[in-house]
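Worksheet for the structure shown next.
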Amino acid sequence: MSADSINKIPGKKLLELLYWMMLTRRIDDRCEALFKQGRFPGGIFSQEGHEAISVGSAILLEEGDAIAPMHRDLGAYLVRGMSPGRIFAQAMGRQGSPSGGRDVNTHGLGDLSLRIFGYVSHLPQSMGIALGAAYSFLYRKEDRVALTYFGDGASSEGGCHEALNLAAVLKAPVVFILENNQYAYSTPIEKQCLVENLSIRAEGYGIPGVTIDGTDVIAVMEATREAIGRARAGDGPTLIECKNLRLKGHAAHDPADYIPPGLLKRWKKRDPISLFRERLENSGILDGNKLAELQGRIEAEIEEGVEWAEASPWPEAATLEKDVFSDA
Amino acid sequence: MSADSINKIPGKKLLELLYWMMLTRRIDDRCEALFKQGRFPGGIFSQEGHEAISVGSAILLEEGDAIAPMHRDLGAYLVRGMSPGRIFAQAMGRQGSPSGGRDVNTHGLGDLSLRIFGYVSHLPQSMGIALGAAYSFLYRKEDRVALTYFGDGASSEGGCHEALNLAAVLKAPVVFILENNQYAYSTPIEKQCLVENLSIRAEGYGIPGVTIDGTDVIAVMEATREAIGRARAGDGPTLIECKNLRLKGHAAHDPADYIPPGLLKRWKKRDPISLFRERLENSGILDGNKLAELQGRIEAEIEEGVEWAEASPWPEAATLEKDVFSDA
Amino acid sequence: MPELSYLESINQALHQEMERDENVFILGEDVGEFGGAFKATAGLYEKFGSRRVLDTPMCEWAFIGLANGAAMMGLKPVVEIQFADFISTGFDPIVQYAATTHYRWGAKVPLVIRAPWGGGACAGPFHSQCKEAWFAHCPGLKVVIPSTPHDAKGLLISAIRDPNPVIFFEPKYLYRREKMEVPLETYSTPIGEAAVRREGSDLSIITYGAMVLEAVEAAETLSVENISCEVIDLRTLVPLDKKAVLDSVRKTSRALIVHEAVKTGGFGAEIAAIISEEAFDVLDAPPARLTAPDTPVPYSPPLEKAFRPDAGKIAARARQLAAY
Amino acid sequence: MPELSYLESINQALHQEMERDENVFILGEDVGEFGGAFKATAGLYEKFGSRRVLDTPMCEWAFIGLANGAAMMGLKPVVEIQFADFISTGFDPIVQYAATTHYRWGAKVPLVIRAPWGGGACAGPFHSQCKEAWFAHCPGLKVVIPSTPHDAKGLLISAIRDPNPVIFFEPKYLYRREKMEVPLETYSTPIGEAAVRREGSDLSIITYGAMVLEAVEAAETLSVENISCEVIDLRTLVPLDKKAVLDSVRKTSRALIVHEAVKTGGFGAEIAAIISEEAFDVLDAPPARLTAPDTPVPYSPPLEKAFRPDAGKIAARARQLAAY
Ligand SMILES: Cc1ncc(C[n+]2csc(CCOP(=O)(O)OP(=O)(O)O)c2C)c(N)n1
Ligand SMILES: Cc1ncc(C[n+]2csc(CCOP(=O)(O)OP(=O)(O)O)c2C)c(N)n1
Ligand SMILES: [Mg+2]
Ligand SMILES: [Mg+2]
């Protein structure tokens with residue numbers, strides 16, 4: 001194999017990317033297992049196949065930047081500092097989670113101290129929220145950026161159009177990442193739009209748009225880096241379409257047998273983590289020892305997280321009516 | 001002047017176009033006067049500068065086709081068979097109007113026997129309605145088309161995006177006419193979008209889009225003819241952007257002094273009716289006699305309409321609670 | 001008679017109405033081959049094809065708008081909203097267009113909007129909402145919430161045959177809970193008629209949706225204590241069967257109104273207002289409301305349990321009221 | 001003290017709060033140079049520039065979403081909806097995001113949504129709506145509807161300083177109707193406190209918005225007939241000043257609830273329910289509601305006049321109630 005573009009990136013950074021992606025995947029696996037064991041009162045979304053997108057983009061944020069993720073961005077939460085324990089606790093409905101048991105799975109998994117905005121189900125609300133954060137940066141003349149995500153499904157919602165156009169008009173420092181995983185629940189992309197690349201819509205707003213391989217964490221990082229640079233330079237928003245496939249069901253309850261086996265097989269070969277691991281191995285950055293070390297660290301963190309979550313108490317019924325309003 | 005493209009069109013048709021445009025303008029003038037005389041309990045929208053768009057497109061519809069107009073499409077109502085009297089009666093709040101005094105000005109000016117859908121204020125609802133009519137044609141395998149209109153302002157609303165994309169995906173026989181009159185109330189187009197031509201957005205839906213001169217009734221007719229042909233042939237929707245300027249205020253109460261005088265002056269020279277009249281005169285299709293005849297006919301119709309409307313009784317208070325629901 | 005679940009009953013009504021009337025069609029997200037998030041539309045795509053069982057992209061505004069337009073052209077759209085919570089995303093075409101059009105210029109907009117509704121499944125703040133009060137406050141909309149498999153079928157058939165827009169909320173808590181005998185043939189249950197689920201003389205429990213089950217259970221508990229409760233299942237909020245409510249209250253002189261929706265501005269307020277306005281003279285106790293508190297719907301089991309009324313809470317409140 | 005109209009008072013509050021707090025900014029359609037459809041934001045653009053007085057394209061969803069995001073970042077957005085009727089177009093960011101976020105994960109969303117609201121101006125079904133009940137039914141939103149120039153200023157200032165999302169409806173019928181003395185300095189009128197507009201002993205008229213004026217006029221008429229009416233102006237629906245309502249009803253034993261919104265599911269039902277639940281023992285007559293009927297708001301003068309409650313209708317209903 002000839003020189004890989006990753007050689008320009010420090011090995012440490014590359015291993016960091018791999019770590020976050022593997023951590024994301026293993027949490028996802030663990031969530032599926034916990035769900036099947038009945039340890040989550042509610043459901044949980046699968047993240048498989050999305051790790052390169054959430055990790056490769058969020059990794060570029062600096063302190064003070066803001067992020068408004070969607071439901072396949074576990075990686076982004078982790079990268080931005082949300083601990084696995086709090087994430088498990090959220091799915092378990094425990095007091096120690098960001099929502100204190102009030103919201104389910106990755107919904108409402110917000111923490112302003114990390115500048116992570118919790119989302120609501122109604123897609124794609126997060127786009128408006130990120131735009132608002134971006135407007136606050138303009139307002140205060142801060143050199144910051146907001147990053148947000150939406151799916152191919154959400155791209156058909158009116159809000160997506162409004163947010164993109166308003167961001168364009170305001171030249172707001174926001175990066176919109178479209179996670180085109182080819183499905184909205186059971187609905188394939190061909191039933192959602194006629195265009196080959198959804199990024200073409202950027203032209204209709206007069207902003208740059210690109211389509212990239214969403215299974216390639218380096219491609220995601222490079223495209224995001226460019227977009228963030230543009231945002232910080234005052235040149236406004238960018239739309240980045242990342243193509244991938246959701247490798248599991250919409251949520252843990254969904255066997256997703258509507259995905260044609262051939263399609264799934266093709267994309268399983270493009271598992272973002274395997275691909276990246278191979279590249280690192282081929283470039284001599286990763287070896288068996290390092291991998292084992294990473295895996296060990298991850299398993300330990302996950303165990304610790306699950307334990308922490310399970311030790312977290314149930315919310316007390318007496319708190320039910322607290323905090324509907326803020327007092328000050 | 002060299003051969004004008006209008007020479008391909010029968011003189012009778014051309015005079016018909018002129019008639020409808022002049023009628024629209026004169027009704028508009030009369031409405032303004034009636035409003036100022038306090039004979040309308042509510043407000044009224046100005047149509048000036050939009051006549052070529054509404055007339056040049058609606059003229060192509062056949063019986064059984066459907067139309068969902070917006071608030072600058074008086075011409076379309078007239079062409080499709082709504083009598084001036086009923087229109088005046090609507091603005092006056094009389095029983096004889098399509099809404100029986102329940103809705104104001106061109107709102108709710110619907111008549112299913114004419115396949116005209118009354119609109120609601122919430123822009124751009126009519127786009128969804130027209131799409132529904134178009135879907136009914138597909139459903140019943142009817143060779144019909146639905147025509148609808150929206151403004152540059154409404155183009156920023158989410159519904160616009162949803163309707164265009166859904167129409168594209170369904171290959172629905174619907175023609176979307178964007179009346180880009182450069183203002184949404186007081187807000188100029190530069191504050192609404194960054195693109196030169198809004199028709200570029202069609203590409204993002206995989207459908208044809210064109211931008212044409214909205215002051216040229218023949219250009220409107222030709223573009224609409226093509227779009228309708230495509231729709232009837234099963235090739236789906238088209239977006240036609242017509243550029244013009246709203247020559248008066250947003251509504252009769254609005255002096256519109258936010259429009260730069262230079263801009264207004266430039267576009268007043270492109271008054272769609274004067275332009276067309278000149279062309280017809282230059283081509284020898286219109287002469288003083290014919291013009292006078294048209295004018296006379298129009299004035300008589302308007303007089304008759306106003307009289308009819310004023311003779312129409314006020315709705316009775318006792319009917320207030322009728323017809324909220326349909327009984328059968 | 002075959003025994004059907006609530007969900008099977010909905011599915012059967014859809015099959016039968018689509019067979020009966022060429023104009024009936026289904027649309028929404030994932031309603032086609034997939035059969036809908038809850039499988040309410042299972043088998044329809046196979047039988048009727050993509051023209052009559054239309055999978056849409058995610059665009060509640062546009063597909064409800066489409067339904068409005070198609071309805072005015074004489075078709076009979078049956079829209080599925082994936083969860084009732086998402087009905088707010090397609091709000092304008094419902095509350096502004098569909099609700100007002102017949103009044104404004106005489107066009108009928110006969111469509112049905114079906115939506116899996118309500119809580120009790122640890123689904124969190126956005127998959128559990130009960131916002132029927134929003135729609136009851138929009139003249140021109142009918143609001144139907146059946147509580148049994150039998151009514152689900154009969155009322156859905158009525159809704160499809162109704163010339164008006166009908167918001168049809170289906171308590172998803174009941175989807176697979178209890179089966180009951182449901183006639184195989186089509187039948188319609190009239191919109192606007194409440195049902196007496198249990199007769200009683202001491203107290204009227206007035207409710208709808210999944211709370212009917214809880215109210216009946218509470219009534220059974222209380223009957224052992226010699227408190228005789230009548231349970232009124234409103235079935236439709238608009239039009240409201242005022243007569244059934246008032247007849248019951250005139251008989252019992254005490255009213256307990258129960259719903260899953262939050263208290264302030266809930267439909268229970270309307271019922272309480274009507275009772276106190278029109279049966280004031282017969283009341284032996286103030287009309288009482290037992291509802292969810294004024295919070296979003298919380299996810300975690302201890303919180304959702306505290307949030308949601310149930311048989312135990314109903315019985316406790318009824319006891320108080322009976323002793324007033 | 002200068003005399004200000006309702007509109008001038010709103011405008012002054014905006015000027016003063018923007019001067020006081022760098023974080024306060026305005027956004028909406030035509031709010032900039034144009035000063036808003038009703039001129040409520042006149043002069044602000046000139047003074048504070050386009051960053052703090054932001055003209056948006058037509059996109060209620062996105063600009064309210066933007067306001068949510070900005071609010072969580074510590075800014076204080078004051079959104080203008082051109083007419084309250086269009087609030088349904090930006091519904092999700094309000095009822096789903098702003099309302100629930102503090103409860104769900106602790107972030108404050110301090111924004112104000114101002115909207116010219118209500119009828120009486122022959123503006124038809126889409127420029128006259130009163131949908132406050134929708135928002136009162138969403139825990140997490142405050143709902144404020146001032147009825148005087150003095151309150152308009154004081155309550156808008158309170159709303160801007162409130163750490164929660166506040167829906168602020170301005171009866172446009174009152175915008176230019178009556179001037180009154182309004183202090184030049186800033187002051188805040190507490191959210192959640194009703195005002196007694198007129199004291200009385202026979203009957204309580206409980207109302208808000210433009211109906212306060214009509215109720216006071218009715219009370220004056222009735223005083224000549226020796227019927228003494230107390231007029232309670234709720235001023236805020238959420239949080240509701242239950243004490244003021246109940247105190248008044250305990251004093252008069254009769255309650256007439258008046259609003260411009262349609263009857264079914266209107267906020268009047270909530271008031272009637274509360275009164276009958278909590279002041280049952282003192283009531284000498286059923287709590288009565290006088291509201292608009294259940295129709296869209298009709299345009300034509302004879303219809304709108306019949307639709308809308310006014311002093312005459314209030315007096316007539318109050319007479320009946322007093323004689324009950
Ligand atoms: C407005 C709205 N309508 C419907 C839903 C229900 N829903 C949840 S996720 C989903 C599919 C989302 O697809 P996409 O945006 O492509 O994201 P993905 O799940 O594929 O990552 C749907 C329909 C929703 N959340 N919001
Ligand atoms: C959803 C919505 N928001 C706000 C308004 C108020 N409004 C009425 S017309 C208008 C401007 C419309 O501009 P455009 O679409 O360009 O049409 P034009 O009036 O210029 O023909 C506005 C803001 C509305 N009707 N609908
Ligand atoms: Mg997807
Ligand atoms: Mg315009």
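Order of the sequence lines sets the chain letters (A, B, ...), proteins ahead of strands, with each chain counted from 1. Just so we're clear, the structure is a prediction, and the values are computed from it rather than from any experiment.
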Do [X] and [Y] make a side-chain contact, defined as non-hydrogen atoms from C-beta onward lying under 4.5 Å apart?
X        : Y        : value
A/Leu138 : D/Arg51  : no
A/Gln125 : D/Asp92  : yes
A/Leu109 : D/Trp105 : no
A/Glu142 : D/Met73  : no

Give, as side chain, backbone, both or neither, the part of [X] having an atom under 4.5 angstrom from any heavy atom of chain D.
X        : answer
A/Ile116 : backbone
A/Ala328 : backbone
A/Leu170 : side chain
A/Phe137 : side chain

field: Under 4.5 Å from any heavy atom of chain A - which part of D/Leu54
entry: side chain

query: Can you say whether D/Arg161 sits under 4.5 Å from chain A via the side chain, the backbone, both, or neither, judging by heavy atoms?
result: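 It is neither, since no heavy atom gets under 4.5 Å.
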
query: Does any N or O in the side chain of D/Arg104 come within less than 3.5 Å of the main-chain N or O of A/Pro98, such that one atom is a donor and the other an acceptor?
result: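 No; zero donor-acceptor contacts below 3.5 Å.
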
If you measure from [atom1] on [X] to [atom2] on [Y], what distance do you get to the nearest 0.5 Å?
X        : Y        : atom1 : atom2 : result
A/Asp327 : D/Asn164 : CG    : CG    : 8.0 Å
A/His122 : D/Trp61  : NE2   : CH2   : 11.5 Å
A/Leu131 : D/Cys59  : CG    : SG    : 8.5 Å
D/His102 : A/Lys322 : NE2   : NZ    : 13.0 Å
D/Glu60  : A/Glu162 : CD    : CD    : 7.0 Å
D/Leu66  : A/Met127 : CG    : CE    : 12.5 Å

field: Minimum-distance pair of heavy atoms, taken over all atoms of A/Leu320 and D/Tyr103
entry: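 Heavy atoms only, the tightest pair is O-OH, 2.7 Å.
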
query: What pairs with A/His161 under ring pair (Phe, Tyr, Trp, His ring centres under 6.0 Å), at least two apart in sequence or on another chain?
result: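 Checked A/His161 against ring pair (Phe, Tyr, Trp, His ring centres under 6.0 Å); matches are A/Tyr205, B/His161.
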
query: Which word best sums up how the rings of A/Tyr139 and D/Phe25 line up, parallel for under 30°, tilted for 30 to 60°, or perpendicular for over 60°?
result: tilted

query: Do A/Arg140 and D/Leu75 pass the side chain to side chain contact (heavy atoms under 4.5 Å, CB included) test, and can you show the C-alpha distance, the side-chain angles, and the key distance before you say yes or no?
result: CA-CA 10 Å; A/Arg140 294 179 167 140; D/Leu75 297 180; 3.5 Å; yes

- request: Go through D/Tyr97 and A/Phe117 one step at a time and tell me if the side chain to side chain contact (heavy atoms under 4.5 Å, CB included) criterion holds.
  value: CA-CA 11 Å; D/Tyr97 203 102; A/Phe117 294 105; 4.1 Å; yes

Stepwise side chain to side chain contact (heavy atoms under 4.5 Å, CB included) check, D/Val238 with A/Phe325: CA-CA 11 Å; D/Val238 181; A/Phe325 292 102; 4.0 Å; yes

